[in-house]
Each structure stands twice: as C-alpha cells, then as structure tokens.
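Just below is one structure, and these are the notes that go with it.
The sequence lines fix the lettering, A, B, ..., with proteins before strands; numbering per chain opens at 1. The basis for the numbers below is simple: all heavy atoms, side chains too, and nothing from hydrogens, waters or symmetry mates. Here the structure is a predicted model, which means the values were calculated and not measured.
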Number of protein chains: 2
Amino acid sequence: MPPRDKDAPIHQVAPEATETGPVDGLILEERLGYALRRAQLRVFKHFDEVMREHDIRPAQFSALVIIEGHPGVTQSSLAQTLAIDPPRVVNLVNTLEARGLALRVRCKRDRRSYGIFLTRAGEALVVRLKALSEQSDLAATQALSETERRQLLGLLRRIYSPQASDEPGSNE
Amino acid sequence: MPPRDKDAPIHQVAPEATETGPVDGLILEERLGYALRRAQLRVFKHFDEVMREHDIRPAQFSALVIIEGHPGVTQSSLAQTLAIDPPRVVNLVNTLEARGLALRVRCKRDRRSYGIFLTRAGEALVVRLKALSEQSDLAATQALSETERRQLLGLLRRIYSPQASDEPGSNE
DNA sequence: TATTGTTATACTCTATAACTATA
DNA sequence: TATAGTTATAGAGTATAACAATA
C-alpha cells in the first residue's frame, strides 16, 4: 500500500535512534494490567523452576489440588472451577491419567459423566507440590512481609471475585 | 512404562461422582500465582472490551506508550523494556507500521538499528488509548478504593522489580 | 431437546535457532 | 567477532464448532 499523508513522522524530535538500552515505562507502570502481567510472569517463573523436576504445569497443579479437595469431582465441575473450557479439561485429565496421577470413574447415576479421583501416587505428589508451591510463592515475594502478602491476596481476590470478597477469616 | 501398583484408586471415598457444579478452591486461593492469574484474566477481559473498537492488543498498547514516551527508541530497547524477545518486537512494529501508527527510521550512527517513532495518527490514537485503559482499570477494580488500587500497584511493582521498589513520588 | 464429554481445528502467544547486514 | 534486526518454526495456551452417548 502507498504511504499516506498521516504516515509522515513527527519532526518535533530529530528522526534518529535515541535510546539503545532499556527505558523506563513510568506511565505504563500506572496501569494495572501491565503490573499484573509483569508480576504474574515473575511468580510463574519461580513456579516453573520449582515444578520442573516434577514436570507439572500451573493448570495441572490447580487440577490436582481441586481433585484432592473434592474427590469424585466431574470434568464439567473442574472446568467451571478453573475457569477453563471443557476441551482443555479433557486434555488435562488425559495427561494426569496417563501419568498415573488421577483416574476417571464412570458415574452410576448419570452415565454421561465421570468422577475424577487421585491415585495413591497422585495423593503423594500433590502433598509435595503444595509445599513446593508455597516455597515458590515465598521466593517470588521476598520483598514483601507476611502481612503485605496477605494484603495482596485479599486485593487480588476482590478483583477476580468481586461479590465473594467478604470471606470468613480474612480480617486480620 | 507399565502400570504400577500406585495407580490403584484411593477407596477412602466411594468411587462415584460427587460434585456436579462449581466447587470451592480454598487452598488454591491461598496461592499467589493462582490469584494473580485470575485477577489478570479479569483485568485483561475489561481491557479487551474497551480496546476492541480500536483492535489493539495489550502488547501493542504497551509498545505505543513506550514509543510515545521515548521517540526514537530502538527495537532492542523496546524488547528489553517490555520483557519480550526481539522476534516479537519485529512483528509488533510491523503491525504498527502497517496500520500507519508508527514507523522505522534508519539510525545514521549505527545503520544496523532503527529509531521507532509514532506517526501523527499514532500520537492521536495513543492519547485516546491511555484514557480508555484508565477507564478499563477502574471498571475492573470497582470493588477497590483509590487507596487500595495504589496499594495494589505498589505491591505488584515490588514483585516484578524488587530492587527498584523505592521510586520517587510513590509515597502519598 | 439438553447435557457430558470428546474430537478437530485454528488462532494467539511465546521461545528458539539460524540467517543478513552492519559494526 | 559481535550486535540489530529478521525469518522460520515449533510449542504452549486458548477458543470454537461439531459430534457421540446419555439423559
């Protein structure tokens, strides 16, 4: 396409490279989405490092914890809880089942659905993973005090579930 | 590998589906990574809605704001600032250039690199986008007061740039 | 007819290696 | 040889439509 009139550069500044190293993003750092993404990348990096030896991804960890807390949970229930789509749950459970960590049991009442259970290996692993993930959280938030960490969790929770923000035990 | 002994299900609970609706993830909600991801999804959803009419993605917005604040910034500098890889910057700038929002100017001193500048159209758009993104942030954090919002930004900043957490002008 | 799970597909995001042109 | 940018490619993650079995 031919260049248009509006494509002309702004010559208030000499048309020359001015910055060769990292620059500041002060205006950007006032944006919540930017700050959330950067913080999440940092926390997930720690998580990945800690989970590498077990080859566990964030979604797999979440699924294992949910299944542990709710033995016999159905796939559609998992999908709703993890806020992911049914096809992803299929793949997720396939992986866990192939690795001998979880298994599907046909539901007798409603033979369309399965109950998902942890195997003994899955039970043992999730205990270890929970400890590791706690470690990873602490490592990623070394700069924060325990009070600030809980403050942060509370604020985040009020963003992603605005209506359920007054949970018991969260006023310290 | 052949199925192992540990693959056997745990029969402390009847092997039957138990949960058909969404379940709670209380243990999960204590995890920072989980809370960050859920909050980010929520905030990005608002961002997408607000930016849809301009067809602007988060990374494009960030790039436009950085270029506006640093006319003539190089691509490698952009990559460092946005914490993304050089190949992504190429694609990013290609898109912005194709849409007539930014353009590359060959650097005379070092003819390997470009300075990136906004066009007049880009200048006009970024002003509008900054206002929209502020709107979107407010909509996504209706549950928070202005004080809490700034508190959250401060905590997030201390996670993703732990050493630069004592910036000027952040004590109000 | 509606729902659970599944398959297939595609599109975005992200990371890596290898190339070019300059230095 | 080192660096800035580019190309090609592949792997995740995510979303949608369409299908099978069951209700």
Side-chain angles (χ1 to χ4, degrees), chain A residues 16-22 33 37-38 40-42 44-45 47-48 51-52 55-63 72-98 102-116, chain B residues 16-22 33 37-38 40-42 44-45 47-48 51-52 55-63 72-98 102-116:
Chain A
E16 181 59 79
T18 56
E19 310 276 357
T20 53
R37 175 173 166 272
R38 292 295 293 260
Q40 197 220 309
L41 285 178
R42 170 77 58 136
F44 268 47
K45 194 164 142 281
F47 183 90
D48 283 346
M51 295 294 177
R52 182 164 306 144
D55 193 24
I56 289 289
R57 324 248 67 252
Q60 295 172 342
F61 170 72
S62 297
V73 67
T74 62
Q75 294 187 188
S76 58
S77 180
L78 253 186
Q80 285 184 266
T81 305
L82 293 174
I84 61 181
D85 304 282
R88 277 195 69 194
V89 177
V90 173
N91 195 39
L92 208 49
V93 176
N94 281 349
T95 304
L96 297 180
E97 209 170 24
L103 44 82
R104 295 170 166 93
V105 177
R106 270 287 182 203
C107 179
K108 275 157 196 142
R109 286 177 318 187
D110 184 343
R111 286 165 47 70
R112 289 173 303 182
S113 57
Y114 299 100
I116 316 291
Chain B
E16 182 57 83
T18 55
E19 310 278 357
T20 52
R37 175 173 166 274
R38 293 295 293 259
Q40 198 220 308
L41 286 178
R42 170 78 58 134
F44 269 46
K45 194 163 142 281
F47 182 90
D48 283 346
M51 296 294 176
R52 183 164 305 144
D55 192 24
I56 289 288
R57 323 250 66 247
Q60 295 171 341
F61 171 72
S62 296
V73 67
T74 62
Q75 293 188 188
S76 58
S77 181
L78 252 186
Q80 284 186 265
T81 304
L82 293 174
I84 62 180
D85 304 281
R88 279 194 67 193
V89 177
V90 174
N91 195 39
L92 208 49
V93 176
N94 281 348
T95 304
L96 297 179
E97 210 170 23
L103 45 82
R104 294 169 167 95
V105 177
R106 270 286 183 201
C107 179
K108 275 156 195 143
R109 286 177 319 185
D110 184 342
R111 287 165 46 71
R112 290 174 304 183
S113 58
Y114 299 101
I116 316 290

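- The minimum heavy-atom distance linking B:Val73 with B:Ser77 is given by the pair CG2-OG, 3.5 Å.
- Rounded to whole Å, the distance from NZ on A:Lys45 to C1' on C:dT14 is 16 Å.
- What separates CD of B:Gln75 from P of D:dT6 is a distance of 4 Å, to the nearest Å.
- Side-chain N/O atoms of A:Ser76 include one lying less than 4.0 angstrom from OP1 or OP2 on C:dG5.
- Side-chain contact between A:Ile84 and A:Leu92 is present, with heavy atoms from C-beta onward closer than 4.5 Å.
- Atom CD1 in B:Ile84 sits about 21 Å away from atom P in D:dA12, given to the nearest Å.
- Look at CZ on B:Phe47: it is 11 Å from P on C:dC13, rounded to the nearest Å.
- Contact annotation: B:Arg109 side-chain N/O to D:dA4 OP1/OP2 distance is not under 4.0 Å.
- Spacing between atom CZ of A:Arg111 and atom P of D:dT22 amounts to 6 Å, rounded to whole angstrom units.
- With rounding to whole Å, B:Arg106 atom CZ is found 10 Å from C:dA21 atom P.
- Listed for the B:Gln75 side chain is no donor-acceptor partner under 3.5 Å among the backbone atoms of B:Tyr114.
- Atom CG of A:Leu82 is separated from atom C1' of D:dA15 by 16 Å (rounded to the nearest Å).
- For A:Pro86, the side-chain atoms get nearest to C:dT6 when compared with the rest of D:dT6, C:dT6, D:dG5.
- The residue among A:Asp85 and A:Cys107 whose nearest nucleotide of DNA chain D lies closer to the 5′ end is A:Asp85.
- Taking atom CZ on A:Arg112 and atom P on D:dA21, their separation rounds to 14 Å, with Å as the unit.
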Under the criterion side-chain contact (heavy atoms from CB on, under 4.5 Å), I'd like the reasoning laid out for A:Thr74 against A:Arg104: C-alpha separation, chi angles, the key distance, then a yes or no. CA-CA 9 Å; A:Thr74 62; A:Arg104 295 170 166 93; over 6 Å; no
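- Nearest approach of B:Gln60 to B:Leu96, heavy atoms of both residues: CB-CD2, 4.4 Å.
- The phosphate of D:dG13 (OP1 or OP2) has a side-chain N or O of A:Arg57 nearer than 4.0 angstrom.
- Nearest heavy-atom pair across B:Ser62 and B:Leu82 is CB-CD2, 3.5 Å.
- Closest non-hydrogen pair, B:Ala79 versus B:Pro86, comes out as CB-N, 4.2 Å.
- DNA chain D is contacted by B:Pro87, B:Val90 of residues 87-96 of chain B, taking any non-hydrogen atom closer than 4.0 Å.
- Both A:Ala83 and B:Gly115 lie near DNA chain D, and the one whose nearest nucleotide falls closer to the 5' end is B:Gly115.
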